[in-house]
Amino acid sequence: MSDISDLESAAEPRTRAFWIGLVVGLAVMTYGIRGLLVDAAATRPTRAAEWLVGADLLHDLVLVPIVLAIGWLTRRVVPRTLRWPLRGALIGTALSVAVVWIPLRGYGRLADNPSLAPLDYGKAVVAVVAGVWCACALWGALAVIGKRRAREPDVEHS
Amino acid sequence: MKLLPRLQSRFTSPLHAERPAALLGAALGISFTVCFVTGLYSHWAQHPPSWFTLPARPAGLYRVTQGLHVATGIATIPLLLAKLWTVFPKLLRWPPFDDVAHALERVSLVPLIGGSLLLLFTGLANINDWYPWPFNFVVTHYWTAWITVGALIVHVGAKWTTTWHALTPRPRTAAGPSTEMSAAERAGIVERRNFLATVAGAVGLLTLVTIGETVAPLQKLALLAPRRPDVGPQGFPVNRSAVAAGVTTTARDPGFTLRVEGNVRRTLTLTLDDLVRLPQTSATLPIACVDGWSTSQRWTGIRVRDLLDLAGAPHGAHVTVESLQQRRSYRTSELDHVQARDPDTLLATRVNGEVLHVDHGYPLRLIGPDRPGVMQTKWVARLVVR
């Protein structure tokens with residue numbers, strides 16, 4: 001069984017796939033970077049690179065610590081059986097809000113085009129999140145029932 | 001630098017093992033490939049290279065490819081975040097690389113991760129018509145996709161053996177695996193299954209609440225989608241309104257005429273009355289927006305090929321379709337000889353039996369099979385034959 005110790009292993013084995021991937025991948029990346037530079041007036045490569053590295057840093061330095069903290073908290077506070085149903089509800093909530101954040105805040109909305117972002121996204125996201133929590137509550141209830149049944153000794157009925 | 005290995009050793013959860021990383025990696029490999037291929041198709045449809053001819057059939061092909069592009073992009077969000085979570089401890093590896101080749105592979109993770117996050121964020125913002133960045137979306141999204149896919153190829157090559165090993169079922173012993181597993185191992189398997197089930201659920205959830213913007217039977221469930229295919233003037237959405245295009249006056253001008261000129265035997269200047277007297281054709285065709293929404297409507301108007309024949313255009317002619325709008329991109333679009341001659345390529349005057357709403361292109365709009373929505377030019381005033 002693989003475990004966390006896999007992550008501490010040395011570099012990947014230098015198979016043929018490694019070298020093919022390296023050569024082809026670097027060639028494709030070079031083509032993309034060249035395109036970004038040739039179209040510099042549109043792409044503004046320095047600013048695009050700032051956004052790309054910024055996305056990396058935002059993920060590693062902000063999002064990951066938040067997830068770590070929530071993961072740690074659920075591990076400390078919530079019983080094992082209910083841990084994943086709760087995490088599922090939190091993940092579903094976070095993703096739903098993230099996907100709808102732009103229309104929820106009214107970004108991009110145009111007064112002359114009511115067909116863009118036409119719904120009441122506040123109500124919509126509440127409805128979706130409520131559905132997520134209901135589904136996860138059901139998951140949690142089934143997990144608890146399953147665990148109780150597993151503890152009960154088998155009884156033969158005559 | 002002993003801090004990093006010490007930090008890495010704190011990540012003891014079985015979620016950071018190779019198998020979930022390999023499973024998520026395989027899923028991401030599929031989703032990125034779908035996004036890249038469908039994205040290339042959309043880009044070539046709008047900016048065709050010399051060797052590319054946009055097929056006119058099947059009529060709904062672009063609707064499928066672009067719907068798939070956006071839906072897969074949205075589904076990729078939880079997949080990517082989960083994958084980054086499983087492999088996060090590898091970031092803390094020390095020394096960070098062993099030699100030059102390994103350094104190149106490790107450095108390529110910066111464009112792979114940053115590029116993936118940037119593509120998903122800019123794509124999501126684009127379907128909401130929100131552009132908070134200082135660069136052109138279309139061009140930067142396109143080239144960033146090439147850079148990210150290049151980095152992905154490097155990564156796939158490097159991880160091929162490990163992934164294959166992690167996904168290959170292990171041979172079972174005669175006694176069976178369950179008797180040999182410790183309680184901790186069984187708990188690890190349950191933990192990983194719960195994690196992967198949660199990721200799969202998140203993918204399903206986001207798909208379910210957005211896919212209805214292009215899959216009509218699910219439109220009532222499209223609660224978090226930026227468009228509803230049944231909402232807008234005459235019952236379907238608008239991408240750019242007449243106000244935004246600056247044509248509210250010119251489009252309603254009673255003296256409006258359509259000119260057909262260029263490589264023709266006789267230049268045509270046709271009023272709306274002239275156009276209505278020409279043979280009318282109806283076709284059910286989709287409007288498929290690059291933003292991922294689409295809807296089929298019944299259009300009625302004049303076949304472009306009938307106008308070309310009336311003007312005496314050569315059979316293999318290409319046509320530039322020009323709008324009344326004076327500025328901004330997509331003021332014109334191209335019809336190659338296949339699209340121009342297709343019997344369903346129309347200059348529509350009506351939709352579902354009603355005169356076109358000005359936001360849908362009154363008095364005339366181009367509608368043809370398998371074309372991106374931005375190339376279904378509205379407020380058409382001129383056809384230039386080449």
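Sequence lines set the chain letters: A, B, ... in the order given, protein chains first and strands last, and positions in each chain run from 1. The figures that follow rest on heavy atoms only: side chains count, while hydrogens, waters and symmetry mates do not.
- In this structure, the portions of Val231(B) lying under 4.5 Å from any heavy atom of chain A include both its backbone and its side chain.
- With a 4.5 angstrom heavy-atom cutoff, Asn239(B) touches chain A only via backbone atoms.
- When heavy atoms are compared at a cutoff of 4.5 Å, Ala222(B) approaches chain A solely by way of its backbone atoms N, CA, C and O.
- With a 6.0 Å cutoff to the six-membered ring centre and a 45° limit on the axis angle, Arg87(A) counts as a cation-pi contact of Trp84(A).
- Top candidate by heavy-atom pairs under 4.5 Å with chain B, chosen from Gly88(A), Ala117(A), Ala143(A), Ala127(A), is Ala117(A).
- Classification of Arg93(B) and Asp98(B) as a salt-bridged pair holds, one side-chain N sitting under 4.0 Å from a carboxylate O.
- Chain A forms more heavy-atom pairs under 4.5 Å with one residue of Leu15(B), Leu224(B), Thr198(B) than with any other, namely Leu224(B).
- Between chain B and the options Val99(A), Leu58(A), Thr30(A), the largest number of non-hydrogen pairs under 4.5 Å is found for Val99(A).
- Between chain B and the options Pro103(A), Ala27(A), Gly108(A), Ser115(A), heavy-atom pairs under 4.5 Å are most frequent for Ser115(A).
- Interface remark: Leu221(B) contributes no atoms to any contact with chain A (heavy atom separation under 4.5 Å).
- Using a 4.5 Å cut-off between heavy atoms, Tyr121(A) touches chain B through its side chain atoms alone.
- Of the possible donor and acceptor atoms, one in the side chain of Asp99(B) sits under 3.5 Å from a partner among the backbone N and O of Ala101(B).
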Donor-acceptor list for residues 108-121 of chain B side chains, cut-off 3.5 Å, not counting sequence neighbours:
{"unit_1": "Ser108(B)", "atom_1": "OG", "unit_2": "Glu105(B)", "atom_2": "O", "d": "2.6"}
{"unit_1": "Ser116(B)", "atom_1": "OG", "unit_2": "Leu112(B)", "atom_2": "O", "d": "2.4"}

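- Of the listed residues (Leu104(A), Val132(A), Leu95(A)), the greatest number of heavy-atom pairs within a distance under 4.5 Å of chain B belongs to Leu95(A).
- Interface remark: Leu205(B) contributes side-chain atoms only to the contact with chain A (heavy atom separation under 4.5 Å).
- Atoms CH2 and CZ, from Trp94(B) and Arg6(B) in turn, are 14.5 Å apart once rounded to the nearest 0.5 Å.
- Only the side chain of Trp85(B) comes within contact range of chain A, with heavy atoms under 4.5 Å apart.
- Heavy-atom pairs under 4.5 Å with chain B were tallied for Val64(A), Val100(A), Ile20(A); the largest tally goes to Val64(A).
- Arg192(B) has no carboxylate O lying under 4.0 Å from a charged side-chain N of Glu185(B), or vice versa, which leaves the two without a salt bridge.
- Aromatic ring orientation, Trp133(B) versus Phe135(B): parallel (interplanar angle below 30°, classes split at 30° and 60°).
- With a 4.5 Å cut-off on non-hydrogen atoms, Arg16(A) does not touch chain B at all.
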Anything under 3.5 Å between a donor and an acceptor, one on a side chain of residues 143-152 of chain B, the other on a protein residue two or more places apart or in another chain? List them.
{"unit_1": "Trp143(B)", "atom_1": "NE1", "unit_2": "Gly35(A)", "atom_2": "O", "d": "3.4"}
{"unit_1": "Trp143(B)", "atom_1": "NE1", "unit_2": "Asp39(A)", "atom_2": "OD2", "d": "2.8"}
{"unit_1": "Thr144(B)", "atom_1": "OG1", "unit_2": "Thr140(B)", "atom_2": "O", "d": "2.6"}
{"unit_1": "Trp146(B)", "atom_1": "NE1", "unit_2": "Tyr142(B)", "atom_2": "OH", "d": "3.2"}
{"unit_1": "Thr148(B)", "atom_1": "OG1", "unit_2": "Thr144(B)", "atom_2": "O", "d": "2.7"}

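- When heavy atoms are compared at a cutoff of 4.5 Å, Leu57(A) does not approach chain B at all.
- Of the listed residues (Leu124(B), Asn194(B), Asp129(B)), the greatest number of heavy-atom pairs within a distance under 4.5 Å of chain A belongs to Asn194(B).
- Within the model, atoms CG of Asn126(B) and CD1 of Ile102(A) stand 9.5 Å from one another, a figure rounded to the nearest 0.5 Å.
- Atoms CG and NZ, from Leu223(B) and Lys123(A) in turn, are 12.5 Å apart once rounded to the nearest 0.5 Å.
- Remark: Arg19(B) does not engage Glu191(B) in a salt bridge, criterion side-chain N to carboxylate O under 4.0 Å.
- Around atom NE2 of His165(B), no more than 12 heavy atoms belonging to other residues, nucleotides or ligands sit under 6.0 Å away.
- Residue Trp139(A) touches chain B through its side chain alone, counting heavy-atom pairs closer than 4.5 Å.
- Neither the backbone nor the side chain of Leu208(B) has a heavy atom closer than 4.5 Å to any heavy atom of chain A.
- A donor-acceptor contact under 3.5 angstrom links the side chains of His141(B) and Thr122(B), judged on distance only.
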Checking side chain to side chain contact (heavy atoms under 4.5 Å, CB included) for the pair Val24(A)/Met29(A): CA distance, chi angles, key distance, verdict? CA-CA 9 Å; Val24(A) 174; Met29(A) 279 175 73; over 6 Å; no
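- Heavy atoms closer than 4.5 Å to chain B are found in the side chain of Ile91(A), but not in its backbone.
- With a 4.5 Å cut-off on non-hydrogen atoms, Leu110(A) touches chain B through its side chain but not through its backbone.
- Most heavy-atom pairs under 4.5 Å with chain B: of the set Ala124(A), Ala42(A), Ala55(A), Pro85(A), this distinction falls to Ala42(A).
- The part of Leu119(A) that comes within reach of chain B is its side chain, from C-beta onward, which places non-hydrogen atoms under 4.5 angstrom from that chain.
- Taking Leu84(B), Ile77(B), Val156(B) one by one and counting their heavy-atom pairs under 4.5 Å with chain A, the maximum is reached by Leu84(B).
- Of the listed residues (Pro95(B), Ala225(B), Ala21(B), Pro233(B)), the greatest number of heavy-atom pairs within a distance under 4.5 Å of chain A belongs to Ala225(B).
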